[in-house]
Protein chains: 4
Amino acid sequence: MWMEEPALAERQGPGRPRSQASHDAILDATMEILIETGYRDLTLQKIAARAGVGRQTLYRWWGSKADIVLEAFSRRTAQEIPAPDTGRVRSDLVQLMEESGKVLKKVSGPIVLGLLAEAALDEAFAAKFWKLFQSQRRAVVKNILARAIKRGELPPNLDLEFWADLFFGGLLYRLVGRQTPIDRSFGEKLAKLLPRP
Amino acid sequence: MWMEEPALAERQGPGRPRSQASHDAILDATMEILIETGYRDLTLQKIAARAGVGRQTLYRWWGSKADIVLEAFSRRTAQEIPAPDTGRVRSDLVQLMEESGKVLKKVSGPIVLGLLAEAALDEAFAAKFWKLFQSQRRAVVKNILARAIKRGELPPNLDLEFWADLFFGGLLYRLVGRQTPIDRSFGEKLAKLLPRP
Amino acid sequence: MWMEEPALAERQGPGRPRSQASHDAILDATMEILIETGYRDLTLQKIAARAGVGRQTLYRWWGSKADIVLEAFSRRTAQEIPAPDTGRVRSDLVQLMEESGKVLKKVSGPIVLGLLAEAALDEAFAAKFWKLFQSQRRAVVKNILARAIKRGELPPNLDLEFWADLFFGGLLYRLVGRQTPIDRSFGEKLAKLLPRP
Amino acid sequence: MWMEEPALAERQGPGRPRSQASHDAILDATMEILIETGYRDLTLQKIAARAGVGRQTLYRWWGSKADIVLEAFSRRTAQEIPAPDTGRVRSDLVQLMEESGKVLKKVSGPIVLGLLAEAALDEAFAAKFWKLFQSQRRAVVKNILARAIKRGELPPNLDLEFWADLFFGGLLYRLVGRQTPIDRSFGEKLAKLLPRP
DNA sequence: GACTAACCGAGACGGTACGTCCCGTCTTAAG
DNA sequence: CTTAAGACGGGACGTACCGTCTCGGTTAGTC
């Protein structure tokens with residue numbers, strides 16, 4: 001059915017090349033609609049109309065709105081939350097949690113929730129989403145912990161994956177729950193659980 | 001739009017009373033379709049057809065497929081995972097995590113994911129879902145911890161909500177991620193973090 | 001697949017009855033578009049839009065634009081060409097040919113051509129079209145001839161079907177050919193071939 | 001828009017010459033698809049794909065599928081029905097009608113119907129089609145009649161065009177109607193109407 | 001025992017989005 | 001300058017559901 005699209009630059013056989021302008025217009029239109037009306041009311045139809053693009057073009061390069069949102073979102077999100085490096089694990093984690101909470105309160109929250117919903121409903125998409133999430137967000141947490149181990153702040157046998165699960169599990173749980181904030185205090189409680197070396 | 005339906009028993013003026021048979025047929029049909037084709041392909045149309053019920057009846061009692069699934073699911077799920085009580089917090093938590101993992105591997109997993117997706121996309125539904133989840137699942141964890149505090153196994157000022165967040169955050173994160181199992185080992189790692197009194 | 005729709009009045013089971021207003025609006029919209037842009041540019045999409053009607057409604061009751069046009073056309077065409085009765089076969093036929101030619105020069109021509117094209121391409125539709133054509137137009141010619149036989153103007157063993165074929169064959173051939181007119185002179189040449197009693 | 005293409009041989013400037021191989025492949029592919037799926041499902045897209053030809057090439061040489069079919073058909077149809085010459089008008093006509101009926105029962109029928117439909121819907125194409133039809137089929141009938149006049153079998157003032165209209169009008173009418181056969185008996189009835197000299 | 005009122009099933013209604021197909025045009029590299 | 005390839009914007013197709021509506025019919029309490 002759908003398979004890993006070529007990276008836009010690579011592919012070059014005969015035939016008219018893919019239009020960079022359309023590509024960009026689609027991702028821009030997607031973000032606009034997302035911000036205006038949210039993930040649920042986002043529609044391939046609306047994206048195409050807003051981007052001034054044939055509907056087929058969307059199907060040619062992505063496969064669903066989730067794939068488009070994932071790409072539109074990953075373009076902007078990488079730089080949004082800078083990886084902290086204060087020299088102390090605990091304050092790194094606290095700061096990361098706080099920054100994440102701030103960003104998610106703005107436009108990113110609803111978008112992440114949309115992607116999360118899609119991942120919950122579609123195992124194939126979950127794999128793509130998780131892969132990206134892993135490299136863009138989880139890697140940050142694991143770096144913080146790894147640096148701390150090197151510094152001797154944490155025991156060398158610390159289970160990085162487990163701690164990343166805890167960090168993002170809590171974060172996403174609170175994001176979906178919308179009851180308790182994702183803030184500095186939450187980060188502090190988590191950081192206090194970290195073992196001594 | 002839609003507002004809290006009366007509890008079926010209460011309301012009684014003139015007019016034909018609501019049909020308990022239809023009510024049940026709807027919930028049964030919902031579970032059947034959920035198991036056969038999953039949450040995404042579940043449709044009010046299909047539920048009504050399968051249950052032999054007018055489509056209007058669904059709108060009279062519930063407001064969306066999410067509400068129906070929530071009720072259909074809550075009917076069966078309460079008894080599914082018995083609250084453990086071994087006399088030791090840590091083994092209680094481990095056992096609960098293990099049992100939860102087992103249940104979620106069967107039919108419950110996809111259904112919980114469906115409800116989670118809905119909660120992610122719809123704040124109003126999230127409130128309903130969380131309320132139920134709170135009373136049916138979170139309460140179990142908090143009871144385990146509360147009992148342990150009474151026993152002197154845990155410090156009396158332990159933040160129950162925080163620990164519940166950690167437990168279910170990790171659990172749901174792994175459920176959506178579908179990468180790492182929800183098993184005894186995960187419960188053990190979590191239990192080890194509990195503070196001494 | 002598609003089968004003879006009920007006559008709008010007859011059918012009455014449970015469920016909301018068919019909307020007469022929509023039915024009429026559809027046929028009206030169809031005639032309007034036909035006159036404005038012709039058969040080729042007529043589209044189920046446009047009919048629905050113009051009639052202010054859901055697209056599904058068209059599929060529910062007809063099956064294709066050809067079926068709709070056939071009904072829209074048959075509503076208006078029956079009375080358009082009055083059956084002549086001058087007391088003489090030859091002048092009856094001449095007059096009928098002349099009147100037919102006149103009508104086909106106006107809106108009817110393109111519509112008949114559209115239906116003819118559809119009949120040429122679709123055997124199933126051809127049967128429907130021919131049935132209607134038989135009862136509305138061929139019957140007129142055969143009546144004229146039958147009356148003449150009764151009057152003793154024509155031999156009693158005259159092959160009515162063959163003469164009807166000749167009449168309409170010539171007529172439609174000239175309609176499609178658009179080279180030679182369908183006029184009084186054509187009718188006269190045809191009438192002259194009729195055998196003496 | 002589209003205008004009379006040069007005759008393939010004539011034109012010759014600088015640049016790569018047109019490919020005769022492509023030209024033939026297109027016409028062959030067209031006939032194949034016509035036979036397999038009929039005129040309605042014939043598509044420029046499919047022709048190009050089957051012929052292994054760029055889609056643009058079709059537009060360069062012809063303007064529509066009707067034009068392609070017309071050429072593909074005219075290549076093969078000229079020789080299909082030999083002009084009869086028995087020495088007697090009536091048997092000539094009967095034989096021609098019979099042969100035509102036989103050919104139209106095979107592959108030619110649906111194709112002629114397709115072209116007829118196109119002619120009905122598109123006046124510009126009708127002119128092209130009629131011109132070819134005139135020279136390839138009508139000419140045969142008019143020759144038969146002209147020879148008979150020369151022989152003294154028919155009156156010298158016979159209206160050839162009128163009789164050709166009658167012949168092909170009846171033939172095409174029965175072809176579209178699909179109710180009565182195009183056979184020897186039909187030819188005989190027609191021949192009997194011919195006037196004595 | 002008639003009346004009223006809310007329910008029931010069925011199913012048509014106007015809409016919206018889907019995913020597919022084809023159109024006619026364009027833009028490449030290759031010949 | 002043509003060719004095959006193939007992407008582009010556009011538009012119609014036929015299908016699936018949505019939430020609403022309108023029927024005839026049912027089933028209780030109330031008069």
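All heavy atoms count here, side chains included; hydrogens, waters and symmetry mates do not. Order of the sequence lines fixes the chain letters, A, B, ..., with proteins taken first and strands second; residue numbering starts at 1 for each chain.
In this structure, NZ of Lys65(A) is placed 17 Å from P of dT16(E), rounded to the nearest angstrom. In this structure, Leu58(A) atom CG and dC8(F) atom P are separated by 10 Å, rounded to whole Å. Protein atom CG of Asp24(D) is 16 Å distant from nucleotide atom C1' of dT3(F), rounded to whole Å. Going from atom NE2 of His23(D) over to atom C1' of dA4(F) covers 18 Å, rounded to whole Å. Atom pair Arg16(C):CZ and dC8(E):P shows a separation of 20 Å (rounding to whole Å applied). The interatomic distance linking Gln20(A) (CD) with dT27(E) (P) rounds to 16 Å, in whole Å. The distance from atom CZ of Arg50(B) to atom P of dG9(E) is 17 Å, rounded to the nearest whole Å. Distance OH (Tyr59(B)) to C1' (dC13(E)): 14 Å, rounded to an integer number of Å.
Put simply, the side chain of Lys46(D) never gets that close to the backbone of Ile33(D): no donor and acceptor are under 3.5 Å apart.
Of the candidates dA7(F), dC13(E), dT3(F), the closest approach to any side-chain atom of Trp61(D) belongs to dT3(F). Counting only heavy atoms from C-beta on, Pro17(A) has its side chain closest to dT28(E) among dC23(F), dT28(E), dC13(E).
Side-chain contact between Trp62(A) and Leu44(A) is absent, with no heavy-atom pair separated by less than 4.5 Å. Ile68(C) has its side chain out of reach of Leu42(C): every pair of non-hydrogen atoms, C-beta onward, lies at least 4.5 Å apart. Taking the side chain as every heavy atom from C-beta outward, Val112(D) and Phe73(D) approach each other to under 4.5 Å. With a 4.5 Å cut-off on side-chain heavy atoms, Glu36(C) and Arg50(C) count as touching. You'll find the side chain of Glu118(C) stays beyond 4.5 Å of the side chain of Asp67(C), heavy atoms only. Contact check for Thr43(B) versus Ile47(B): no side-chain heavy atoms found under the 4.5 Å cut-off.
Taking the nucleotide of DNA chain F with the nearest heavy atom to each of Gly52(A) and Gly54(D), the more 5' of the two is matched to Gly54(D). Ranked by how close their nearest DNA chain E nucleotide is to the 5' end, Ala51(B) and Gln56(D) are led by Ala51(B).
Residues from residues 34-48 of chain C lying near DNA chain F, meaning a heavy-atom separation below 4.0 Å, are Thr43(C), Leu44(C), Gln45(C), Lys46(C) in numerical order.
Salt bridge status for Lys128(C) with Asp122(C): absent, with no side-chain N to carboxylate O gap under 4.0 Å.
A close approach under 4.0 Å does not occur between any side-chain nitrogen or oxygen of Trp62(B) and OP1 or OP2 of dG19(F). Residue Ser22(B) has a polar side-chain atom (N or O) positioned under 4.0 Å from OP1 or OP2 of dG9(E). Under 4.0 angstrom from either OP1 or OP2 of dC7(E) there lies at least one side-chain N or O belonging to Arg18(B). Distances shown here put a side-chain N or O of Thr57(B) below 4.0 Å from the OP1 or OP2 atom of dC8(E).
The base of dG19(E) lies close enough to the side chain of Arg55(A) for a donor and an acceptor atom to sit less than 3.5 Å apart.
One axis for each end of the helix from dG1(E)-dC31(F) to dG31(E)-dC1(F), each built from five base pairs, and the angle between them comes to 10° at 10° resolution.
Donor-acceptor pairing under 3.5 Å is lacking for the side chains of His23(B) and Arg18(B).
Residues Val176(A) and Ala119(B) approach most closely at CG1-CB, 4.0 Å, considering heavy atoms.
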